[in-house]
Protein chains: 2
Amino acid sequence: MAQQDGRAARAPLSRERVLRAAVDLADEQGLEAVSMRRLAERLGVVPMALYKHVANKDQLLDGMVDLVVAGIAPAPEDAGWKDALRTRVLTAREAMLRHPWARRVLEAQPAPTPVLLAYTDATIAVLLRGGLSVDLVHHAMHALGSRAFGFTQELHQPGPGPAPAPSPAVAAQLAAAFPHVAAVATSRPHDPGSVVGAGCDDRFEFEFGLDLLLDGVERLHAAGWSSTADPR
Amino acid sequence: MAQQDGRAARAPLSRERVLRAAVDLADEQGLEAVSMRRLAERLGVVPMALYKHVANKDQLLDGMVDLVVAGIAPAPEDAGWKDALRTRVLTAREAMLRHPWARRVLEAQPAPTPVLLAYTDATIAVLLRGGLSVDLVHHAMHALGSRAFGFTQELHQPGPGPAPAPSPAVAAQLAAAFPHVAAVATSRPHDPGSVVGAGCDDRFEFEFGLDLLLDGVERLHAAGWSSTADPR
DNA sequence: TTGACGGGTGTACAGCGTACACCTAGCCTC
DNA sequence: GAGGCTAGGTGTACGCTGTACACCCGTCAA
């Protein structure tokens, strides 16, 4: 061994290693578990050592989502704008499902990092190459919003682990108090197993909303829509 | 005065008063400023006194958004489902613009409170009364997602106060690095004053996306759409 | 040999949420 | 009136957080 002193040799830290460890920690134990102290411990290092590689905790979080976003595959080159965008967004969605904490971090960021701007730039490029007007692309991107990053727009996503199913008594009480929610929540042909509040963020719902938007954009594009005169 | 001891009489605390003070504090100084200690200080009380009125900080935050959501006017009774939903959502949006912190709190909640369920129930009721199928309503609510609460889907909302405009040099550098973003961001017929990253969350964008979704739902409804056989 | 420097360490501080024990004023019952 | 219950405000204390600052040591260039 090159190094034979008391303690075992430890691979030197690097920004990359720090970020990867943070992503792993968040994946395994949730975002709340990511503290500088716990992260340092996991890396076998003292908390302050991390500050040689990231400026502060906010930059750590930024770096974590950069890592996730940078791993999203680019849109296919050989498809029309609609299909290309669609597949890219669905790819993004898979990344976000693998790292559920990324959504919250991204949404809390006050400004996009260069990595996120690059992602957005590539997405816009797909639409412009497809012949959509700059005007329409602008509004389409707004309409997509965070869906462009593969986010479901759901509120109240359940935390890690299965949601605690409410007892039948409680469920009946809820159904009585909120009859319309109950009626709609139990109509679930695509996923009959889940229950109220368990968050049915399945692929069907995501694609339903995405296609509603993409179809709408396509229609506007075909009609030569422009935001100044609105012939919707 | 009824009370003449050393210190001035102080109105007694109540859950209502605590929540209102917290909302005011968040409105004025942002969500980060809402700590149990600071809130207590503002109420002229010791931190632990708050715990006689809210169980813990999470419940305080829940109560804050409940207060905001409960203040949203119900949908008009005398309109078709589409107009009724549209106006209600736009009303909700105004409430959310007045309390920008509410979005983040709501999105971080793992489960909806009864107040939120009541809001959702009333929203669903509008669609069902309009004759939409339970099936379609289910998916429409998913597609709307947090937009049903008046949220813009924007990422990177600027914090309170005007966003710091990047210097011309930096702006040029950004435009060079992300040409497509630059092209689309500067095409802004509805709001020519803003700059890249300043967040153009204006009413136009919100309605654009909302109408894309509502129009799509309307079309599916007219076509007798059902999720089992998808004749889109 | 010297000196700079990149990177890990140790200590310390202010702020956070909140558990727990306490005190006090008002009210109810006898 | 006396005694006791209770709602609600207080004080202290603990463990956790992010991070400023001073330090120290190994490597490498001059």
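So that the names make sense, note that chain A is the first sequence line, chain B the second, and so on, each numbered from 1.
D:dG11 atom P lies 17 Å from atom OH of B:Tyr51, rounded to whole Å. Here the C1' atom of nucleotide D:dG18 and the CG atom of A:Leu39 are 13 Å apart, to the nearest Å. Distance B:Leu50 CG to C:dA19 P: 13 Å, rounded to the nearest Å. One can place CD of B:Glu32 at 16 Å from P of D:dG18, the figure rounded to the nearest angstrom. Distance, B:Lys52 NZ to C:dA25 P: 16 Å, rounded to whole Å. When the P atom of D:dA7 is taken as reference, atom CZ of B:Arg15 falls 17 Å away, rounded to whole Å. Residue B:Glu16 contributes atom CD, which lies 15 Å from atom P of D:dG8 at whole-angstrom precision.
With distances taken from any side-chain atom of A:Ser35 to the nucleotides D:dG9, D:dT17, D:dT12, the minimum falls on D:dT17. Distance from the side chain of A:Met48 is smallest for D:dC21 among the nucleotides D:dC21, C:dA19, C:dG8.
Listed here is the closest heavy atom pair of B:Arg147 and B:Leu210: NH1-N, 3.9 Å.
Side-chain contact between B:Val69 and B:His99 is absent, with no heavy atoms from C-beta onward closer than 4.5 Å.
Under 4.0 angstrom from either OP1 or OP2 of C:dG8 there lies at least one side-chain N or O belonging to A:His53. Contact annotation: B:Arg38 does not reach the phosphate of C:dG15 (side-chain N/O to OP1 or OP2, under 4.0 Å).
Looking at B:Arg98 and B:Glu94, no side-chain N of the basic residue comes within less than 4.0 Å of a carboxylate O on the acidic one, giving no salt bridge. Ionic pairing of B:Arg38 and B:Glu32 is not present here: no N-O contact between side-chain nitrogen and carboxylate oxygen is shorter than 4.0 angstrom.
Counting only N and O atoms by type, the side chains of A:Thr113 and A:Asp66 include a donor and acceptor under 3.5 Å apart. Residues B:His53 and B:Glu16 bring no donor and acceptor atom of their side chains to less than 3.5 Å of each other.
Surrounding CD of A:Glu77 are at most 12 heavy atoms belonging to other residues, nucleotides or ligands under 6.0 Å away.
At a cut-off of 3.5 angstrom, counting only N and O atoms as typed in the model, there is a donor on one side and an acceptor on the other between the side-chain of A:Arg37 and the base of D:dG18.
Contacts between residues 56-67 of chain B and DNA chain D, defined by a heavy-atom separation under 4.0 Å, are absent.
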